[in-house]
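Worksheet: one structure, shown below.
The sequence lines fix the lettering, A, B, ..., with proteins before strands; numbering per chain opens at 1. Fair warning: this is a prediction, and the values are worked out from it, not measured in the lab.
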2 protein chains.
Amino acid sequence: MSLAKRNYSRGDYLYRSGDKFRSLYAIHSGSFKTQVLHDDGREQVTGFQMAGEIIGLDAISTDIHTCEAIALESSVICEISFNRLEALSREIPPLQRQIHKLMSREIVRDQGIMLLLGSMRAEERLAAFLLNLSQRYAARGLSPTQFNLRMSRQEIGSYLGLKLETVSRAFSHFQEAGLIIVKIRAIEIIDLSGLQACLSRG
Amino acid sequence: MSLAKRNYSRGDYLYRSGDKFRSLYAIHSGSFKTQVLHDDGREQVTGFQMAGEIIGLDAISTDIHTCEAIALESSVICEISFNRLEALSREIPPLQRQIHKLMSREIVRDQGIMLLLGSMRAEERLAAFLLNLSQRYAARGLSPTQFNLRMSRQEIGSYLGLKLETVSRAFSHFQEAGLIIVKIRAIEIIDLSGLQACLSRG
DNA sequence: TACGTGACTTCATCCTCATCAACAACCACT
DNA sequence: AGTGGTTGTTGATGAGGATGAAGTCACGTA
């Protein structure tokens, strides 16, 4: 297994749309965003990935990357040769199953975002976003209620289908409502269940 | 390989959210919609599938179906045992590669919809939808410019993140602009490149 | 200290799309 | 034909979020 580690700084591309597909990338530390580009220049952030997650699954389909991945901070990446991974997985059924689960999980995640983009309003989207981050930090043994955002308001907006001003206003509104405390990129969640209620209230 | 064929009528469930995962389903003829449900009752159509396409990939992740699939018309389904498919694919590398491509293609498709939902306006969304259908009918040897919609305005709206009234208006507007002719569910595309222009114009 | 820059917030205004409601077309069943 | 139910069209109105511009804050540099 080729497991070469490589460093990336904020803004570095891990791969670009159109690049030939060779490997999957496991985030060893740090975080990335992935985004797709439209002909007319519009871009849509399709996900934020953090340590322990795998990027590059989109490219298996055509052997060409269809989106691009950019480091949000200093990060370390393990490159995984896909040919070797496929070969290995033929000999190790549990590995095969893991790969399938990994890809399926990505499909389920995307469906959740479609639900969010298709039928939630601005503040529900932001609440869902914060709760998702909270869960993922918790799953890594970090605080689920205090963390620093790695991405800008603009990037959050692109991910959630909103303009950055709307994101900014929703943050302010949550703060006024006593749900969170926002200091630019430092977030403290005061009332987790209040945020959850924000979601189910429709 | 268990390839039992089964018939479904309009409205029949192929599987429901929460069902145990056992098989993938290949659509032999007919068409389906898949949708996810939200706690508060909201639902979001995540895709329309037609003959030759595979449904059920979402369930591999947790062994539980996370969305539901419903027949849009009389349809025939081939059920494919996933355990046997995995076993076979260990012996037939090209099959393994096909499965990976299939799942990756689904991820790419979802990213396209995220782009649509996150950054396009109503008429662009409908144009993208019609062009996508057109391509898929063409790929099946059917007319890319004349076809019958299998789904209601409500279902199109749910898929595109719009209300059915907005969908209806967008259809009327395209017709006034001479791009298409709409007779309820019968669509004729008059000006394909005009529809494409509708997209890139932003 | 002064200046410049980039990221975030706030405000006033405008536009798109959702909402509510009335109506028309079509189907299945009497 | 008559009836009710479902689906689609159209119009008037309003709300949510986009837009554009200006203001604030933190930080780096001279």
Could you please name the option among [options] that lies closest to any side-chain atom of [X]?
X       : options                  : answer
R121(B) : dG17(D), dT16(C), dT9(C) : dT16(C)
E165(B) : dT10(D), dT9(D), dG20(D) : dT10(D)
S168(B) : dT9(D), dC8(C), dA18(C)  : dT9(D)
K163(A) : dG8(D), dA7(C), dT19(D)  : dT19(D)

| Would S158(A) and Q35(A) count as having a side-chain donor-acceptor pair, cut-off 3.5 Å? |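 No, because no side-chain N or O of S158(A) sits under 3.5 Å from a partner of the opposite role on Q35(A).
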| query | Which residue, L162(A) or I184(A), contacts DNA chain D at a nucleotide closer to its 5' end, judged by nearest heavy atom? | reply |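 Taking each residue's closest nucleotide, the earlier one in sequence belongs to L162(A).
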| Quick one: on DNA chain D, does V167(B) or A122(A) contact a more 5' nucleotide (nearest heavy atom)? |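 Residue closer to the 5' terminus by nearest nucleotide: V167(B).
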Rounded to whole Å, please give me the gap between [atom1] in [X] and [atom2] in [N].
X       : N       : atom1 : atom2 : answer
L72(A)  : dA7(C)  : CG    : C1'   : 15 Å
F171(A) : dA7(C)  : CZ    : P     : 16 Å
N148(A) : dA7(C)  : CG    : P     : 17 Å
M151(A) : dC8(C)  : CE    : P     : 11 Å
L149(B) : dG8(D)  : CG    : C1'   : 12 Å
R185(A) : dC25(D) : CZ    : P     : 19 Å
R150(B) : dT7(D)  : CZ    : P     : 16 Å
R153(A) : dA7(C)  : CZ    : P     : 12 Å

| Quiz item: R169(B) side-chain donor-acceptor pair to dG11(D) base, under 3.5 Å | yes
| query | For S31(B), does its backbone N or O pair with a side-chain atom of R150(B) as donor and acceptor, under 3.5 Å? | reply |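 No.
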| Under 4.0 Å between a side-chain N or O of S152(B) and OP1 or OP2 of dT6(D)? | no
Heavy atoms only, 4.0 Å cut-off, all strands: where does [X] land among base, sugar-phosphate and nothing?
X       : answer
R125(A) : nothing
L164(B) : base
G157(A) : nothing

| task | Would you kindly check if the NZ (Lys) or CZ (Arg) of R16(B) is within the cone defined by 45 degrees around the ring axis of Y13(B) and under 6.0 Å from the six-membered ring centre? | result |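 So R16(B) does make the cation-pi contact.
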| query | Among R105(B), R136(B), K33(B), whose salt bridge (Lys or Arg N to Asp or Glu O under 4.0 Å) with E53(B) holds? | reply | R136(B)
| task | Might you confirm whether atom CZ of R140(A) has over 12 heavy atoms from other residues, nucleotides or ligands at distances under 6.0 Å? | result | yes
